Amino acid sequence: MKAIGRSLVGRRASSLHDASRVSRITPCITSRTFTKPAFAPKPIIDIKHIRQAPGLYEQNCIDRNYGAHSKNSWRIIELHEQWLALQQSARELRSRNKQLRDQIAKDGAEKQKALGEAKAMKTELSEVEAKETQLQEEIEALAQDLPNLSSTHTPVGTEATLVDYIGEHPDPSNSKPWKSHVDIGQQLGILDFAGASQTSGWGWYFLVGDGAMLEQALVQYALSVARGKRWKVVAPPSLVYSHIASACGFQPRDQNDEQQVYAIEQPEKDKAKPQLALAGTAEIPLAGMKANAVLNEAELPLKTVGVSRCYRAEAGARGADTKGLYRVHEFTKVEMFAWAAPDQTGEDHFAATDASSSETVFEEMLGMQHEILTALGLHCRILEMPTTDLGASAIRKRDIEAFFPSRRSIDDGWGEVTSTSMCTDYQSRRLHTRLRTAHANKLGFPFTLNGTALAVPRVLAAILENHWDEKSATVRIPPVLQPFMGGQTEISKQA
């Protein structure tokens, strides 16, 4: 295994854009700008485990660059002790109240005195109960803000570990002249950035002619691979409630205070309505599809694949690192999402069979990504990502990066094209997705996983750069895509 230095600048963050049905897009400022409606899933966080291992959670926050939350676990312990003290006070008040009721039931000189004391005690008990509720809410909020614990497979720090390569390097000497996909696409007439800048601004684009057809071919090919392995195709909505996105681990701003979400300004008359968001990935609506639901053991693993438009606010500043299709605000992506049986056993978990375990599904996702990228003729490297690169929900993440010849001056040409994350019960606890098995007396929580089957812009860009023939001024279409383009074998200049 080889360690590879990683820069956090410009790395893909888990992101989406807040939205509503009406009005204009405005930046969202904090992670708590929306109010949960009454029907929102009620999170069930394992607060007992947090109290039992505060140091573990503190170090995990530090390792994952969540320094602002590193003391949450210790604060939870303090608040819990205050809550226990209030519980004791409440018990004493209720016990004294019972004695007073007995006195009030009797006639005599003590009755009026008991009535007065009971009235004062009722007020005091109400105040104690209100404080208890306030403490519980604060404890739950602090617990929900903590990122998932990291897997033992995950390297601590900022450096990823090289796992393997896919395909042969097209130019190991770095001496061959290469063209950027921007130049190729514009020369062929299949990419239009100028028109998009007038229409929508920087970070947007038009795919034209064979460029648009290549996008559809990529989507259909990825779906054909997933369907061949019995993944259920779902067409998810693009709009989701903000509380669903938050439960999945997506916040308006990341831990580096980089904007991830476009918030949609709502008219004053609609302020009380639940905030909506434009999903940054189909992971969010697919996860939300089973919010407040109970899954049966026999259903697992439940594997879905969805095609959606994705909306990202953090497309980055204008520069070589974000040139062309590499980092954009909107794109098409085929996303895998699955619910699997927990891998560990214990008081709150169930033993998984080999076929239904999250480890098995994780490996299947990686296998599908390997198959797709190999068939597209791309040279890639597979990385086990470090703690600082994990989103809030992931316990473990593997990225696959393709070689982009035009980006050789940036990270030696490597650029992420797929990502696979194992999230254990982080999302299912926050979405109130439960699991019923024949081997337990109570409901548990399934594990969730997500992975990119194919993100169109970067893969399309990699195909243009790696399959460009300067002599004929054409791009070779990978054979697996040709059936979805009417048998066309190459892309030449558009008429």
Side-chain angles (χ1 to χ4, degrees), residues 2 4-7 10-13 160-174 176 178-185 190-191 205 207 211 214-215 217-219 221-222 225 281 310 312 315-316 320-328 331-336 365-385 389 397-421 451-469 475-481 491:
K2 177 183 177 184
I4 300 174
R6 311 289 298 164
S7 170
R11 291 291 300 164
R12 189 191 78 170
T161 299
L162 177 62
V163 178
D164 200 1
Y165 286 103
I166 297 174
E168 297 295 324
H169 198 298
D171 181 26
S173 66
N174 283 335
K176 179 180 175 181
W178 293 90
K179 264 190 175 179
S180 163
H181 69 274
V182 176
D183 297 328
I184 294 169
I190 62 175
L191 293 180
Y205 58 95
L207 296 176
L214 185 58
E215 173 180 65
L218 286 166
V219 169
Y221 169 60
V225 172
T281 168
C310 303
R312 303 288 175 93
D321 185 48
T322 58
K323 186 178 180 182
L325 296 175
Y326 190 77
R327 196 177 296 277
V328 293
F331 58 94
T332 300
K333 180 156 71 89
V334 183
E335 180 77 1
M336 299 176 284
M365 286 180 167
L366 291 170
M368 290 166 63
Q369 292 168 341
H370 194 293
E371 177 182 344
I372 290 169
L373 295 170
T374 299
L376 295 177
L378 300 179
H379 175 51
C380 307
R381 66 179 184 181
I382 304 170
L383 304 175
E384 188 77 45
M385 302 310 294
D389 204 73
K397 183 162 79 84
R398 274 199 179 177
D399 284 359
I400 300 180
E401 297 184 336
F403 176 68
F404 291 80
S406 70
R407 292 171 52 85
R408 283 176 296 178
S409 62
I410 307 168
D411 205 11
D412 295 326
W414 299 110
E416 177 195 335
V417 289
T418 75
S419 180
T420 306
S421 296
T452 314
L454 194 141
V456 169
R458 290 190 185 178
V459 172
L460 190 150
I463 288 174
L464 294 184
E465 293 190 12
N466 284 279
H467 298 328
W468 167 253
D469 182 72
V475 172
R476 177 180 61 83
I477 300 174
V480 292
L481 300 182
I491 297 174

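Only this structure's heavy atoms are used, side chains among them; waters, hydrogens and symmetry mates stay out. What you see is a predicted model; the values in this text were computed from it and never measured.
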Rounded to the nearest 0.5 Å, what separation is found between the [atom1] atom of [X] and the [atom2] atom of [Y]?
X: I491; Y: D469; atom1: CD1; atom2: CG; result: 13.5 Å
X: S421; Y: M365; atom1: OG; atom2: CE; result: 9.0 Å
X: L162; Y: L383; atom1: CG; atom2: CG; result: 6.0 Å

Is any side-chain heavy atom of [X] less than 4.5 Å from a side-chain heavy atom of [Y]?
X: F331; Y: R458; result: no
X: P170; Y: W178; result: yes
X: L464; Y: I190; result: yes
X: P457; Y: Y205; result: yes
X: T452; Y: E416; result: no

Task: Carboxylate-amine/guanidinium contact R381 D411, below 4.0 Å - done: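 A salt bridge links R381 with D411.
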Tell me, please, which residues at least two apart from [X] pass side-chain hydrogen bond (donor to acceptor under 3.5 Å, both in side chains).
X: D164; answer: none
X: E335; answer: K333
X: E384; answer: R396, R398
X: H370; answer: T374

Report the residue from [options] that forms a side chain to side chain contact (heavy atoms under 4.5 Å, CB included) with [X].
X: C380; options: T418, D399, I400; value: I400
X: T332; options: V219, L454, L218, L207; value: V219
X: L376; options: V480, V417, I477; value: V480

Task: Exercise: identify the closest heavy-atom pair between A453 and I372 - done: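 Closest approach of A453 to I372, heavy atoms only: O-CD1, 3.5 Å.
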Task: Where A160 and M385 come nearest, the two heavy atoms and their spacing - done: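 Closest heavy-atom pair between A160 and M385: CB-SD, 4.1 Å.
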So, the side chain of [X] versus the backbone of [Y]: is there a donor-acceptor pair under 3.5 Å, distance only?
X: H181; Y: G324; value: no
X: H379; Y: I166; value: yes
X: N466; Y: F403; value: yes

Open item on the list: Under the rule for side chain to side chain contact (heavy atoms under 4.5 Å, CB included), what residues qualify as partners of R476, not counting sequence neighbours?
Closed with: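 Here the qualifying residues are H467, P479.
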Open item on the list: Going by side chain to side chain contact (heavy atoms under 4.5 Å, CB included), name the residues that satisfy it together with S406, two or more places apart in sequence or in a different chain.
Closed with: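 Result, side chain to side chain contact (heavy atoms under 4.5 Å, CB included) vs S406: S180, E465.
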Task: Partners meeting ring-ring contact (aromatic ring centres under 6.0 Å, His included) with F404 (sequence neighbours left out) - done: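 Counting only residues at least two positions away or on another chain, F404 forms a ring-ring contact (aromatic ring centres under 6.0 Å, His included) with Y326.
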